[in-house]
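Since the model is a prediction, treat every value here as computed from it, not as a measurement. Throughout, protein chains are lettered first and strands after them, A, B, ... in sequence-line order, and every chain is numbered starting at 1.
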Protein chains: 2
Amino acid sequence: MGSDLLVTLDAVIVAVTDTRPRVLTVADVPPALPSGPLDAEGDETLELGMRRVIDEQTGVEVGYVEQLYTFGDRDRIRAPGGPRVLSIAYLALVREASTAAGAGWVDWYAMLPWEDHREGIPGILTDVVVPRLTDWAAGDPGRQARVAVCFGVGAPWDPIRALERYELLYESDLVAEALRGRGDDAGLPTGVEMAFDHRRICATALGRLRGKLTYRPVVFELMPDEFTLSELQGTVEALIGLRLHKQNFRRLVEREHLVEGTGRYAPSTGGRPAELYRFRRSVVGERPRPGMRLPPFRG
Amino acid sequence: MGSDLLVTLDAVIVAVTDTRPRVLTVADVPPALPSGPLDAEGDETLELGMRRVIDEQTGVEVGYVEQLYTFGDRDRIRAPGGPRVLSIAYLALVREASTAAGAGWVDWYAMLPWEDHREGIPGILTDVVVPRLTDWAAGDPGRQARVAVCFGVGAPWDPIRALERYELLYESDLVAEALRGRGDDAGLPTGVEMAFDHRRICATALGRLRGKLTYRPVVFELMPDEFTLSELQGTVEALIGLRLHKQNFRRLVEREHLVEGTGRYAPSTGGRPAELYRFRRSVVGERPRPGMRLPPFRG
DNA sequence: GTTCCTTTTGCTCGAACTGAGCATTACTTA
DNA sequence: TAAGTAATGCTCAGTTCGAGCAAAAGGAAC
């Protein structure tokens, strides 16, 4: 038939190395996500197709793969005369952050700097984003309400609303992508731009992963076989962009029986040696929604 | 170019009338979901395209619309020589269950009878599903664990795992769809068959909606402007397939400020008259994750 | 009009969970 | 040997949760 339509499979491949969440990209000028066309005859399922594309483009071996969202706005990719592009985006988690040829890991928060609250509220938020959004919303109660919920102005900060936040910034012309084709290159300080709508896809992935953390033990897809509880906590904190209370975190994972001690200890890093733990795979067969119970949704 | 690929938009349109959840279908022989091809030139966004298809096929006016999942297994739709079909499925919620010409509402639980636990554990589960699954899993610890978690055998029943349950039944040949093309029409008592993989899509939608209920006030998309708390509770119970403690449900919605009283009362139905409430739209701008906090995940 | 029935609404109580901080342990380094 | 550091252990008050008793407000039966 030949409708003018191209279907691609795009991947947000995530690793956390040393408490820093990273995403795998394939080009540097504006970084882009690994992406390739679906092979309508060859790919038996979409997920297998996605794995093929990931393998072809990055050579990275991914474990967990989950469909994220399908992006298909008519004008999301501007190519004069080209076909409409439909992208089925996937979230993939990998344990190691080894780099493949032509592909490189970039810090997730380089693209979404307002999302990392581990060191307190980031300056970009208080100094740039919130003031400009406040101007943008002036006189419009609807906009004001959205700014308030999304950016926690007088309301709690909700890590999960990453996509809503990106969309608000896009709508208010506060991210570079929104200014494309307008010759209005304002040099915005709101994080690194990505190709096409790939930054939106990254924001979608971040929100989804943060949510999933609370009811499925996906963190362990990012951990090595054995780890200390501090390392586990560091990974969770890296993803949700918040600091957690150490003792309570420990209490949580122990109560939920998510991990078991190995009796061995990690090479000491200055203090009392930490015991090494491993993930108890069997929890998924015991408790209904094992997860990390995200925390201070109050502030 | 002309790759042999067809992209359709499929909708699971849900209404709850009188504590019975229903899905809109368009054909009766095997019931099918409303579905139509994406108009690559005309549809500006996928959601708008979905709304167009819904309008064309059913005439029903939907409010809330949310993308569900994209289904694209190579052989999910068997049409010799036809193109591969990719379906982007949406979940839509409507307030009224008015029927349009050629379209009809069917009870959601007619298709997924094991999902309704409001009157206790359904007979189909204890009499048919669990015994057969137990046989199917005999000697395979992996299968046994899956059966246990999904169907709450010695583990709690988790309403959200609707899709996993359907997939397990499919894999173990306990739903009619799994037997297609095998001439093995066993007359399975496991609910009504649907066209293509539409029953899987329905299961996906049910699980997603059940989850969403817990952190977003989507129930109100199914309610009239004014309702009693019992009606609200009845709708929630219909969706999650479980009974709730009436006083605690009331306490919850009041504490979360999800509703406000109107001061007027519903026509009495035998007991003390119930006050009419309405949804407080402003909650979404106040609390981070307003929702219904699903209940007895313990049993 | 009184009594019974039904449903809504109000309240209480113990168990469990949360957030937060103090205290102790077991190493390394000066 | 003392000081520093991080892991681990424990406590405590405030909150939420599950469950049930009790009162309130109508209709129907007599």
Atom CG of Asn248(B) and atom P of dT15(D): how far apart are they, to the nearest Å? 18 Å
dT8(C) C1' sits how many Å from Glu254(B) CD, rounded? 11 Å
Looking at Arg210(A) and Glu115(A), does any basic side-chain N land under 4.0 Å from a carboxylate oxygen? yes
Decide if atom CD of Glu260(B) counts as having more than 12 heavy atoms of other residues, nucleotides or ligands within a radius under 6.0 Å. yes
Does Ser230(B) have a side-chain nitrogen or oxygen under 4.0 Å from the phosphate oxygens OP1 or OP2 of dT8(C)? yes
Between atom CD in Gln233(A) and atom C1' in dA6(D), what is the gap in whole Å? 12 Å
Would you kindly check whether a donor in the side chain of Arg251(B) faces an acceptor in the base of dG18(D), or vice versa, at under 3.5 angstrom? yes
How does protein contact run along nucleotides 22-30 of chain D, one letter per nucleotide 5' to 3', with B for base contact, S for sugar-phosphate only, - for none, heavy atoms under 4.0 Å? --BBBS---
Nearest atoms (heavy-atom pairs only) where Leu93(A) meets Leu222(A): CB-CD2, 3.9 Å
Kindly assign one of parallel, tilted or perpendicular to the pair Tyr166(A) and Trp114(A), based on the angle between their ring planes and the thresholds 30° and 60°. parallel
I need the CZ-P distance between Arg250(B) and dG10(C), as an integer number of Å. 6 Å
Check the surroundings of atom CZ in Arg143(B): do more than 12 heavy atoms from other residues, nucleotides or ligands lie under 6.0 Å from it? yes
Rounded distance in Å - CZ (Phe249(B)) to C1' (dG18(D)): 16 Å
Between CZ of Arg243(A) and P of dG19(C) the distance, given in whole Å, is 17 Å
So Thr228(B), base contact, sugar-phosphate only, or nothing? Heavy-atom distance under 4.0 Å. nothing
Can you classify the ring geometry of Phe279(B) versus Phe220(B) as parallel (below 30°), tilted (30 to 60°) or perpendicular (above 60°)? parallel
Atom CD of Glu275(A) and atom C1' of dG9(D): how far apart are they, to the nearest Å? 14 Å
Under 4.0 angstrom between Arg255(B) side-chain N/O and dC17(D) OP1 or OP2: yes
Considering all heavy atoms of both residues, which atom of Leu229(B) and which atom of Arg250(B) are nearest to each other, and what is their separation? CD1-NH1, 3.4 Å
Position toward the 5' end of DNA chain C (nearest nucleotide), His245(B) or Glu231(B): Glu231(B)
Nucleotide dC21(D), atom C1' - distance to NZ of Lys246(B) in whole Å: 16 Å
